[in-house]
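What follows is a short report on a single structure.
Order of the sequence lines sets the chain letters (A, B, ...), proteins ahead of strands, with each chain counted from 1.
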Amino acid sequence: MRYEAPETAESAAALLAATADARVLAGGTDLLVQMRSDIVDPALIVDIKRITETRRVTEEKGGWRVGAAVTGAELKEHPRLKKVWPGVVEAANLIGSTQVQGRATLGGNLCNGSPAADSVPALIAAGAVATAAGPQGRRDIPVEDVMLGPRKLALTRGEFVLSFLLPPRPPRSSDAYLRFIPRTEMDIAVVGAGVSLTIDSGGTITAARVSLGAVAPRVLLVREAATAIIGSRLEKEAQDRLEAAARAACTPIDDKRGTVEFRVQVAGVLTRRAALIALDRARTS
Amino acid sequence: MAKHHIETTVNGDATEFLCETEDTLLDVLRDTLQLTGSKEGCASGDCGACSVMLDGRLVCSCLVLGCEVAGRKVDTIEGVAKGQALHPLQQKFLEHAALQCGICTPGFIVASKALLERNPNPTDTEIRYWLAGNLCRCTGYDKIVTAVKDAAVALRKG
Ligand SMILES: Cc1cc2nc3c(=O)[nH]c(=O)nc-3n(C[C@H](O)[C@H](O)[C@H](O)COP(=O)(O)OP(=O)(O)OC[C@H]3O[C@@H](n4cnc5c(N)ncnc54)[C@H](O)[C@@H]3O)c2cc1C
Ligand code: FES
Ligand code: FES
């Protein structure tokens, strides 16, 4: 097994393209576990953490560009990101323990391809766009289009995620992410719900995005749920419409962690609660 | 293929070692550098017995490759005591009987030290959340939390 730690996106893409069985290494909190249990056995590991663009958080066109290999702990400590995108930061901070937080990245969470990845619904609700680098150059992919199904990504050979762009935030906007797990810490989401919204000065919702994790083979952008609350002030009827739309989008699996019925029910409840938190934050933002 | 030759800093000392790509930092510390204080409980990031500091961040050394630490700074449990003088956390773990078999203890000490450096006066809840990635099968955790709080008091007094 070879190991390379290139310093530019171009050399990383060239290395990844040249070897059929190459893997990107970011924080390693999924990859090393999978290597250890013989789920993967790559011929080449390309560590992307020495590429500056993967490791920095910068302002760009009024939004924020977050490197794919920035860790959860670094996001939390960022002086401004949490104010603008509290939902994204809280979702990233739900990943694992303090130790895992010191390593786990947004890029790894997305590209591991798990429908239960915690930061992904928050990124999708935020309208985040992934910038992928590959042998043919760079392209932007909305985060909801990166994952096609469990462990299946829209990235082509040699391509990897370099960074994410969180769009500019109009006034009175905010977001929130909630998950349900059977314990209080250190567990995989049974359902995850991300909501991002903007209100006008009268408190009416003018824009919204809703995303659900762990209730389908991929993390979902639920447009019907957003439509259900745009134009409302999230009164009881709008909340009911939101819950119904969220439940209708779910096609979950049945397993020991949650039955289909339970997951669908919880998806509705969490979506409503996340929307209420986002609304409250938008009012005071 | 040839092994990687890695130059790094461990507990403040310039250190070099040879490793294979698949060797974890924990493998290197224990098997190559003979620093066996860090323990392997699970090798999957769940138990925290292998906790070390990497460039000032608390991480599981079982989830870091040896290759990755080239040019970085690694701090392990072996660097916590100063010669014969125990760190207040080590002293308080002894005083409060916060260990039984001791397998988890190096990880708890390294993790708690990282906490107290950031937050010199943590609440019980903050201690429990920070240490949620450190598992102990013996103590039931209460004595560990008490020891960490008491060490925090000792450290604040200086
Ligand atoms: C104890 C423990 C608890 C955990 N708890 C949670 C949890 O609560 N919620 C949760 O969602 N996850 C959890 N995880 C899983 C994991 O920590 C996260 O998915 C994490 O975000 C992965 O990021 P990473 O940087 O460590 O990824 P890596 O392990 O480095 O990579 C993961 C996968 O993505 C690929 N990859 C990484 N970065 C890129 C990139 N930029 N472009 C293309 N491909 C890339 C890798 O090749 C690999 O296949 C947990 C893991 C552990 C060990
Ligand atoms: S051995 Fe590393 S977390 Fe258990
Ligand atoms: S003292 Fe035995 S595992 Fe903690």
Check step by step if side chain to side chain contact (heavy atoms under 4.5 Å, CB included) holds for B/V59 and A/Q99.
-> CA-CA 4 Å; B/V59 302; A/Q99 286 86 339; 5.5 Å; no
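B/T21 contributes atom OG1, which lies 11.0 Å from atom CG of A/D47 (distance to the nearest 0.5 angstrom). To the nearest 0.5 Å, atom OH of residue A/Y3 and atom CG of residue B/D23 are 13.0 Å apart. From B/E20, atom CD reaches atom CE of A/M1 across 10.0 Å, with rounding to the nearest 0.5 Å. A/L32 contributes atom CG, which lies 7.5 Å from atom OG1 of B/T24 (distance to the nearest 0.5 angstrom).
Side-chain contact between B/E68 and A/K49 is present, with heavy atoms from C-beta onward closer than 4.5 Å.
The closest donor-acceptor contact from the side chain of B/S44 to the backbone of A/V33 lies at 3.5 Å or more, if one exists at all.
Looking at A/Q34, neither its backbone nor its side chain comes within 4.5 Å of chain B, counting heavy atoms on both sides. For a residue to count as touching a neighbouring chain, one of its non-hydrogen atoms must lie under 4.5 Å from one of that chain's; by this rule B/V64 touches chain A with backbone and side chain alike. Residue A/L25 touches chain B through its side chain alone, counting heavy-atom pairs closer than 4.5 Å. Only the backbone of B/C62 comes within contact range of chain A, judged by heavy atoms closer than 4.5 Å. At a 4.5 Å heavy-atom cutoff, A/Q101 makes no contact with chain B through either its backbone or its side chain.
Under the 4.0 Å criterion applied to side-chain N and carboxylate O atoms, B/E40 and A/R36 are assigned as salt-bridge partners.
Annotation: ring-ring contact (aromatic ring centres under 6.0 Å, His included) contacts of A/W64 (sequence neighbours excluded): A/H78. Partners of B/F17 by ring-ring contact (aromatic ring centres under 6.0 Å, His included), not counting sequence neighbours: none found.
Counted within 6.0 Å of NZ on B/K143, heavy atoms from surrounding residues, nucleotides or ligands total 12 or fewer; the atom is thus considered open.
When all heavy atoms are compared, the tightest approach of A/A73 to B/R57 is CB-NH1, 3.4 Å. Heavy-atom minimum distance, A/S97 versus B/G133: CB-CA, 3.3 Å.
For residues 21-41 of chain B, the set of pairs meeting the ring pair (Phe, Tyr, Trp, His ring centres under 6.0 Å) definition, not counting sequence neighbours, is empty.
Close approach to chain A, defined as a heavy atom under 4.5 Å from one of its heavy atoms, is seen in B/A111, B/R118 of residues 92-121 of chain B, taken by number.
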